[in-house]
Amino acid sequence: MTLSEGDDQAHAPSARPQSLMFSFLGIYVLGRDTAVYSGSVIDVFARLGLSEEAVRSTLTRMVKRNLLARHRQGRKMYFGLTGHATQVLEDGRRRVWETGAVNRDWDGTWTLVGFSLPDSRRSTRHDLRSQLIWAGFGLLQSGLWVAPGVKDVTGILAPLELGDHVTVLTARAFKPTESADIVRKAFDTEEIAGRYHAFLDRWDTRHPLPSAPDDLARQLLLHTDWLQLVRQDPHLPAEHLPRDWPAIRAEQVFQSLARSYEPRAKKLADTVLDELSLDARAPGRPVADEPVEAAGSASRAAPRP
């Protein structure tokens with residue numbers, strides 16, 4: 001049975017294969033200086049109801065996006081992280097375990113981004129808006145976006161070549177402007193709360209996702225669901241949110257389940273994953289652009305220490 005079947009169908013989170021792959025890489029590859037055999041990755045993702053073709057396609061796309069690098073040993077192809085992927089995964093790790101879902105340490109500072117672009121640059125305007133939303137900004141008024149705290153938006157702005165069309169400032173609210181009004185005007189708190197309530201509906205139960213085959217599958221689904229949630233959260237100041245803000249309970253549920261799933265999930269991963277050390281002394285060699293081989297069931301590696 002796949003996770004889209006059975007009694008818990010309504011509770012199964014929808015996640016793209018690449019999102020699940022990021023969770024897998026962040027838990028089992030990040031910081032280990034190893035690469036994993038494609039066949040063993042396919043075995044892991046079969047637990048999530050994903051086909052071999054979907055996994056191979058995801059691996060290939062991530063290679064093309066400079067997120068994964070191929071390493072061949074004998075007839076096997078292994079996949080390791082690139083520097084770019086490491087940065088992305090480290091950012092995700094910080095969002096999950098350090099930044100968290102509840103902003104209790106806000107110092108009253110806002111970052112403001114104002115811009116005005118001609119109609120000839122409509123696509124750039126669309127890209128900028130999308131990037132700002134992803135970075136936690138809300139639209140305060142026409143052409144003026146705001147986010148709590150000090151945000152480094154250099155990485156967003158530089159590729160768009162906006163020049164004098166954009167202004168970035170940090171500021172504090174002064175009367176008659178209140179920070180609570182900024183939160184109300186720039187952010188749809190009901191929608192944000194609704195996403196946390198949906199997470200709680202799926203996971204805050206006695207037996208979450210009972211149709212999942214094991215805790216390795218649940219671990220990957222939980223981390224994927226949570227990371228997607230916190231990445232969409234603008235991390236608004238807790239003092240300007242309702243006292244029963246659902247992110248508080250949702251974060252407690254995530255952390256509790258993550259700790260609960262980890263021992264059994266790791267034990268299962270140890271029996272499935274075939275790893276290649278990327279230490280300079282290891283025999284594996286990097287491979288240029290090649291298709292991912294059609295792998296069958298993975299070879300079983302000895303348990304990791």
Got Thr86 and Leu30 here, is their nearest side-chain heavy-atom distance under 4.5 Å? yes
Measure up the Tyr78 and Tyr37 rings against each other and bin them: parallel (under 30°), tilted (30 to 60°), perpendicular (over 60°). tilted
With side-chain contact (heavy atoms from CB on, under 4.5 Å) as the criterion, how do Val230 and Thr99 come out once you've worked through the C-alpha distance, each side chain's angles and the decisive distance to 0.1 Å? CA-CA 9 Å; Val230 295; Thr99 304; over 6 Å; no
Taking the side chain as every heavy atom from C-beta outward, state whether Leu67 and Phe22 have any pair of such atoms under 4.5 Å apart. yes
Only pairs at least two apart or in different chains count here, so list each salt bridge (Lys or Arg N to Asp or Glu O under 4.0 Å) that has a residue in residues 231-260. Asp91-Arg231, Asp204-Arg249
Hey, are the side chains of Ser179 and Trp110 touching, using non-hydrogen atoms and a 4.5 Å cut-off? yes
Determine the minimum heavy-atom distance between Arg65 and His84, stating which atoms define it. O-CD2, 4.0 Å
Under 3.5 Å: donor-acceptor pair, side chain of Asn103, backbone of His235: yes
In Å and rounded to the nearest 0.5 Å, what is the CG to OG distance from Asp274 to Ser38? 9.5 Å
Are any of the side-chain nitrogens in Asp214 or Arg47 under 4.0 Å away from the carboxylate oxygens of its partner? yes
Tell me the closest heavy-atom pair linking Leu220 and Phe24, and the distance in Å. CD2-CA, 3.6 Å
If I take atom CH2 from residue Trp245 and atom CG from residue Leu236, how far apart are they, to the nearest 0.5 angstrom? 6.5 Å
On a heavy-atom basis, the closest approach of Thr82 and Ala69 is CG2-N, 3.9 Å
Step-by-step side-chain contact (heavy atoms from CB on, under 4.5 Å) determination, Leu268 to Val272: CA-CA 6 Å; Leu268 287 166; Val272 173; 5.5 Å; no
Minimum-distance pair of heavy atoms, taken over all atoms of Met77 and Arg70: SD-CB, 3.7 Å
I need the Thr111 OG1 to Trp145 CH2 distance, nearest 0.5 Å. 14.5 Å
Tell me whether Glu53 at atom CD has more than 12 heavy atoms from other residues, nucleotides or ligands lying less than 6.0 Å away. no
Phe174 reachable from Leu112 in the ILVMFWY side-chain graph, under 4.5 Å edges: no
Before giving the answer on side-chain contact (heavy atoms from CB on, under 4.5 Å), spell out for Met21 and Phe79 the whole-Å C-alpha distance, their side-chain angles and the decisive distance to 0.1 Å. CA-CA 12 Å; Met21 188 68 72; Phe79 290 81; over 6 Å; no
At what distance, to the nearest 0.5 angstrom, does CZ of Arg202 lie from CH2 of Trp226? 11.5 Å
Side-chain heavy atoms under 4.5 angstrom apart, residues restricted to Ile, Leu, Val, Met, Phe, Trp, Tyr: same cluster for Leu140 and Val150? no
Please check if atom CD in Glu98 has more than 12 non-hydrogen atoms from other residues, nucleotides or ligands closer than 6.0 Å. yes
Check the pair Thr60 / Arg56 against side chain to side chain donor-acceptor pair (under 3.5 Å), numbers first and verdict last. CA-CA 6 Å; Thr60 298; Arg56 290 192 285 110; over 6 Å; no
Applying ring-ring contact (aromatic ring centres under 6.0 Å, His included), can you list everything that pairs with His240, at least two apart in sequence or on another chain? Trp106
Going by side-chain hydrogen bond (donor to acceptor under 3.5 Å, both in side chains), name the residues that satisfy it together with Asp188, two or more places apart in sequence or in a different chain. none
Keeping Arg61 on the side-chain end and Gln18 on the backbone end, is there a donor-acceptor pair under 3.5 Å? no
Value for CZ (Arg94) from CG (Leu89), rounded to nearest 0.5 Å, stands at 10.5 Å
Validation row: Arg129, Leu132 side chains within 4.5 angstrom (heavy atoms): no
Quick one: does Val36's side chain get under 4.5 Å of Tyr28's, heavy atoms only? no
Do Tyr196 and Val253 touch side chain to side chain, with heavy atoms closer than 4.5 Å? no
Identify the residue among Thr224, Leu222, Val96 that makes a side-chain contact (heavy atoms from CB on, under 4.5 Å) with Ser23. Thr224
Minimum heavy-atom distance Ala258-Trp97, with the two atoms named: CB-CH2, 4.0 Å
Closest non-hydrogen atoms of Pro176 and Asp181, given as atom of the first, atom of the second and distance, are O-OD2, 4.5 Å
Exceeds 12 heavy-atom contacts within 6.0 angstrom, atom CG of Asp107: yes
Is there a side-chain contact between Ile248 and Arg104 (heavy atoms, below 4.5 Å)? yes
Note: Asp215-Arg218 ion pair, threshold 4.0 Å (strictly below): yes
Looking at OG1 of Thr34 and CG of Leu273, how far apart are the two atoms once the value is rounded to the nearest 0.5 Å? 8.5 Å
